[in-house]
Amino acid sequence: MYYLCNPKSSFMFKTSKIIFVAFISMLLFNGCKGNKGSNKVYKDVVVLHSLSDSKGLNPHATSDAEARKQYDNIYQGMIGYDCASMNPVPVLAKEMPIVTMLAKGMEITYEIKPEASWENGSPVTADDYIFSLKSGVCPKVTNEHEKQDLEIITDVKIDPANPKKFTVVLKEQYIKYLDATGNTVRVMPEYKFDPEKVLRKYTIAQLLDSKSAANSDPKITAFADFYNGEKANRDPNYVNGSGPYKLEKWETGQRIILVKKDNWWGEKYKTTNQFFEANPKRLQFETINDFNTAITALQDEKLDEIYVTPAKDFIELDNSPKFKANFIKSEPNMLVYAYLGLNTRDKILSDIKVRQALAHLVNVDQIIEKVQYGKAERVVGPILPAKKNDYNADLKPYDFSVEKSKALLAEAGWKDSDGDGILDKVIDGKKTDFKIKYSFNQGNPTRETIGLLCQQMFKQVGIELTIGSMDWSLYQDELKKGNSQMFYGSWIQDPTPDDQKQIFHSNSRNGGSNYAGWGNSVSDALIDQIRTEMDETKRGLLNKQLQKMLYDEVPNIFLYTQNFRNCIHKRFENLHEGPVYPGFWAAGFKVKDGYKVEDDKTATAKTK
């Protein structure tokens, strides 16, 4: 949506009507058009905001959403999802794969584009795909989030007549077969990351088997250390795939700069889909972990894009003449839900009645009204309301009720036995006060505000909630270790069928994304059944059963879904706005006619 300037003026000069009207008209024209047509010269770069440093740029060794915004421009999959339509489109693949359904299992056949090549000029081949797949299931590589998708793959067969053609074999039919084989596996150059071909010594099954020799092979350990380490994640000599950009510079805590490759092989496909559009010379990700500072940088045109987490700040930008002169707001639907995670393995939070009591103490409607300023929709589970076949509309949100909470806590044995205002209970023979900690990442005022609201709500029944923030990397590490009691989470989804294994299966507790530690044999069996049920109607019924279990046992207090709140500079067009994260495609940004951009070769200004 484009925002026009306010036509009101505060000038009070008493002069002729003609001069006055002409003067005001000139002001309005220049203010509303921003710097278009002015003498300002922009660099050939898109500067995007990052709230914190990425953990790394190896897609097979990080689950960081911020990193994904960056490595999407460096490493390619066989397919990708168009931002606007959400449809899968071929990227490295010559065309969409051929899918063969077997009595048990599936086969997916891909062929890599003939022109696809690496930095050294060598072709991207099926061997590179197999290496990348194996790296995703390799022992000791920190990518448990990927193993949930890839463990269903048993083999990859290369066409003996064509080194770019291969067939991926799945042991079962899988609802996310296209995403797992085509998007999760980002293809990386084997010659650069595994020159000794260590992973070729083991089959996919052997790498997945925790009892195989691969787990004790020192060469596998050395490979994993390298693959998880700084070179594979931060070194410009390594962070370079088949995509249009490569890592130019990483200044820790300040910025990550990607530079467009010269003579990139994909240029001939630039009209095919967004993944072959690479218009800016550079993509610069500027780390500013204080939102007030970031907003100021945006208004001063030191940033070209920002996702504004605080809804209040997003709304109030309409009052800034500098913002309205130079930026637009972009608010497409977002495939995401927010939640408060509860560590079900914690001695206080392991009781279902306690977690239900907390659900009654979180006033979600107030959070949506006061924190999100109405710019959110409440959810009751991990499946978004738009997915009508799978969404359980029979579940009603937990109502805010201090009395219901007190009753549940009393049933669970909590009372204030010593009159100090804090509930207590004997656990494992020891008197335990009901004191828990809420954790969130630094620089996120929305998450802090929600914690403060919960602190006030919990105090009404005798629960002491402390609040603590930490650096993003440390925050993620603590979650993975299961050290957080109560935490804020946000789950970004792809436009694929919902597979909850990564976040709710008990096998995902250690190293995966099941930070709440929830799950049992019944829920695990249900999740496994959903993963392989290809009939949409039957799968919808199973998904509704799982939502009911999550609703009753409350490993998460589900909050809301929302639209993107992106702000993008007016000089850009061809944004590819849509629901797929991050809501736009920065590499596709084109500078509109009339804006002046520095010519990188001559260091002079020219009009695009």
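Counting from 1, the numbers follow the sequence of the chain as shown.
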message = Once side chain to side chain contact (heavy atoms under 4.5 Å, CB included) is applied, do any residues pair with K192, and if so which ones, sequence neighbours excluded?
response = E119, P189, Y238, N240

key: Distance (rounded to the nearest 0.5 Å) between E151 CD and I153 CD1   = 10.0 Å

ask   = Rounded to the nearest 0.5 Å, what separation is found between the OG atom of S523 and the CG atom of D528?
value = 9.5 Å

request  = Indicate yes or no: at least one non-hydrogen side-chain atom of S242 is less than 4.5 angstrom from one of W265.
outcome  = yes

note = The complete set of side chain to side chain donor-acceptor pair (under 3.5 Å) pairs with one or both residues in residues 163-173, sequence neighbours excluded, reads T109-T167

ask   = Which residues satisfy the salt bridge (charged side-chain N to carboxylate O under 4.0 Å, His left out) test with D149, sequence neighbours excluded?
value = none

ask   = What pairs with V187 under side chain to side chain contact (heavy atoms under 4.5 Å, CB included), at least two apart in sequence or on another chain?
value = M78, L92, W118, V124, D128, Y129, S132

ask   = Is there a donor-acceptor pair under 3.5 Å between the side chain of T181 and the backbone N or O of Y177?
value = yes

remark   = Applying salt bridge (charged side-chain N to carboxylate O under 4.0 Å, His left out) to E377 and not counting sequence neighbours gives none

query = Are the side chain of S117 and the backbone of S122 linked by a donor-acceptor contact shorter than 3.5 Å?
reply = no

request  = For K261 and G243, indicate whether the former's side chain and the latter's backbone hold a donor-acceptor pair under 3.5 Å.
outcome  = yes

inquiry  = So I328 and L575, do their side chains get closer than 4.5 Å, heavy atoms only?
reply    = yes

query = Under the criterion side-chain hydrogen bond (donor to acceptor under 3.5 Å, both in side chains), which of N574, T271, T272 is the partner of E277?
reply = N574

ask   = When rounded to the nearest 0.5 angstrom, what is the spacing between CD1 in I306 and CD in E286?
value = 11.5 Å

key: Listed partners of K375 passing side chain to side chain contact (heavy atoms under 4.5 Å, CB included), at least two apart   = F314, I315, E331, R565

inquiry  = I'd like to know whether K134 forms a side-chain contact (heavy atoms from CB on, under 4.5 Å) with I204, so could you lay out the CA-CA distance, the side-chain angles of the two residues, the decisive distance to 0.1 Å, and finally the verdict.
reply    = CA-CA 6 Å; K134 286 183 174 180; I204 296 167; 4.2 Å; yes

message = I need the full list of ring-ring contact (aromatic ring centres under 6.0 Å, His included) pairs touching residues 86-109, with sequence neighbours left out, sorted by first then second residue.
response = none

remark   = Closest non-hydrogen atoms of K480 and S63, given as atom of the first, atom of the second and distance, are NZ-OG, 4.0 Å

Expected list for residues 580-591: side-chain donor-acceptor pairs under 3.5 angstrom, two or more places apart:
{"unit_1": "Y581", "atom_1": "OH", "unit_2": "A65", "atom_2": "O", "d": "3.4"}
{"unit_1": "W585", "atom_1": "NE1", "unit_2": "Q274", "atom_2": "O", "d": "2.7"}

query = Are T446 and F291 close enough that some pair of their side-chain heavy atoms sits under 4.5 Å apart?
reply = no

inquiry  = What's the separation between atom CG in N556 and atom OH in Y339, rounded to the nearest 0.5 Å?
reply    = 5.5 Å

Pair D44 + K260: basic N to acidic O under 4.0 Å = no

message = Ignoring hydrogens, what is the shortest heavy-atom contact between H505 and N514? Give both atom names and the distance.
response = O-ND2, 3.0 Å

ask   = Heavy-atom distance under 4.5 Å between the side chains of F564 and V336, does that happen here?
value = no

key: Side-chain donor/acceptor of W472 to backbone N/O of L51, under 3.5 Å   = no

message = Contact between T532 and I175 at the side-chain level, heavy atoms closer than 4.5 Å - yes or no?
response = no

task = For the residue pair F504 and P382, establish whether any side-chain heavy-atom pair is separated by less than 4.5 Å.
result = yes

remark   = For N566, the side-chain hydrogen bond (donor to acceptor under 3.5 Å, both in side chains) test, sequence neighbours excluded, returns none

query = Is there a donor-acceptor contact under 3.5 Å from the side chain of H576 to the main chain of D82?
reply = no

task = Verify side-chain contact (heavy atoms from CB on, under 4.5 Å) between F558 and V380, making sure each step is shown before the conclusion.
result = CA-CA 6 Å; F558 294 96; V380 295; 5.8 Å; no

ask   = Who passes ring pair (Phe, Tyr, Trp, His ring centres under 6.0 Å) against Y110, sequence neighbours left out?
value = F166

task = Tell me, yes or no, whether the heavy-atom count around K544 atom NZ, taken from other residues, nucleotides or ligands under 6.0 Å, exceeds 12.
result = yes

ask   = Distance from T125 atom OG1 to F131 atom CZ, nearest 0.5 Å?
value = 11.5 Å

inquiry  = For a quick test of reading the model, state the closest non-hydrogen atom pair linking P332 to P579 and the distance between them.
reply    = CB-N, 4.4 Å

task = Check the pair I368, V364 against side-chain contact (heavy atoms from CB on, under 4.5 Å), reporting the backbone distance first and the verdict last.
result = CA-CA 6 Å; I368 290 174; V364 181; 4.1 Å; yes

query = What residues, two or more places apart in sequence or in another chain, satisfy side chain to side chain contact (heavy atoms under 4.5 Å, CB included) together with T62?
reply = K55, D64, A67, Y71

request  = May I have all residue pairs that pass salt bridge (Lys or Arg N to Asp or Glu O under 4.0 Å) and include part of residues 534-543, sequence neighbours excluded?
outcome  = none

key: Pairwise distance CZ(F487) to CG(L479) - rounded to 0.5 angstrom   = 5.5 Å

key: Minimal non-hydrogen separation, P280 against Y245, with atom names   = O-OH, 2.6 Å

request  = Look only at the side chain of Q547 and the backbone of D390, and say whether a donor-acceptor pair between them is shorter than 3.5 Å.
outcome  = yes

Donor-acceptor contact below 3.5 Å, side chain N233 vs main chain N58 = yes

task = Evaluate the side-chain proximity of P139 to L207: yes if any heavy-atom separation is below 4.5 Å, no if none is.
result = yes

ask   = Can you tell me if Y227 and S135 form a side-chain donor-acceptor pair at under 3.5 Å?
value = yes

message = I'd like to check D499 versus Y174 (side-chain heavy atoms, cut-off strictly below 4.5 Å). Are they in contact?
response = yes

message = Within the 3.5 Å criterion, strictly below it, is a donor on T184 or E146 matched to an acceptor on the partner's side chain?
response = no

query = Quick one: does N273's side chain have a donor or acceptor within less than 3.5 Å of a partner on P90's backbone?
reply = yes

query = Would a distance-only check, ignoring hydrogens and angles, find a side-chain to backbone donor-acceptor pair under 3.5 Å from S508 to K501?
reply = yes

request  = Just do the side-chain contact (heavy atoms from CB on, under 4.5 Å) check on L199 and C138 with the steps written out, would you?
outcome  = CA-CA 8 Å; L199 297 189; C138 180; 4.0 Å; yes

request  = For D179 and Y81, test the side chains for any donor-to-acceptor distance below 3.5 angstrom and give the result as yes or no.
outcome  = yes

ask   = What pair of heavy atoms forms the shortest contact from G136 to K147, and how long is it?
value = O-CG, 3.5 Å

message = Main chain of E190, side chain of D194: is a donor-acceptor contact present, judged purely on distance under 3.5 Å?
response = no

remark   = Between A278 and P244, the two heavy atoms sitting closest are CB-CB, 3.5 Å

request  = Would you please classify the geometry between the H569 ring and the F572 ring as parallel, tilted or perpendicular, with 30° and 60° separating the classes?
outcome  = perpendicular

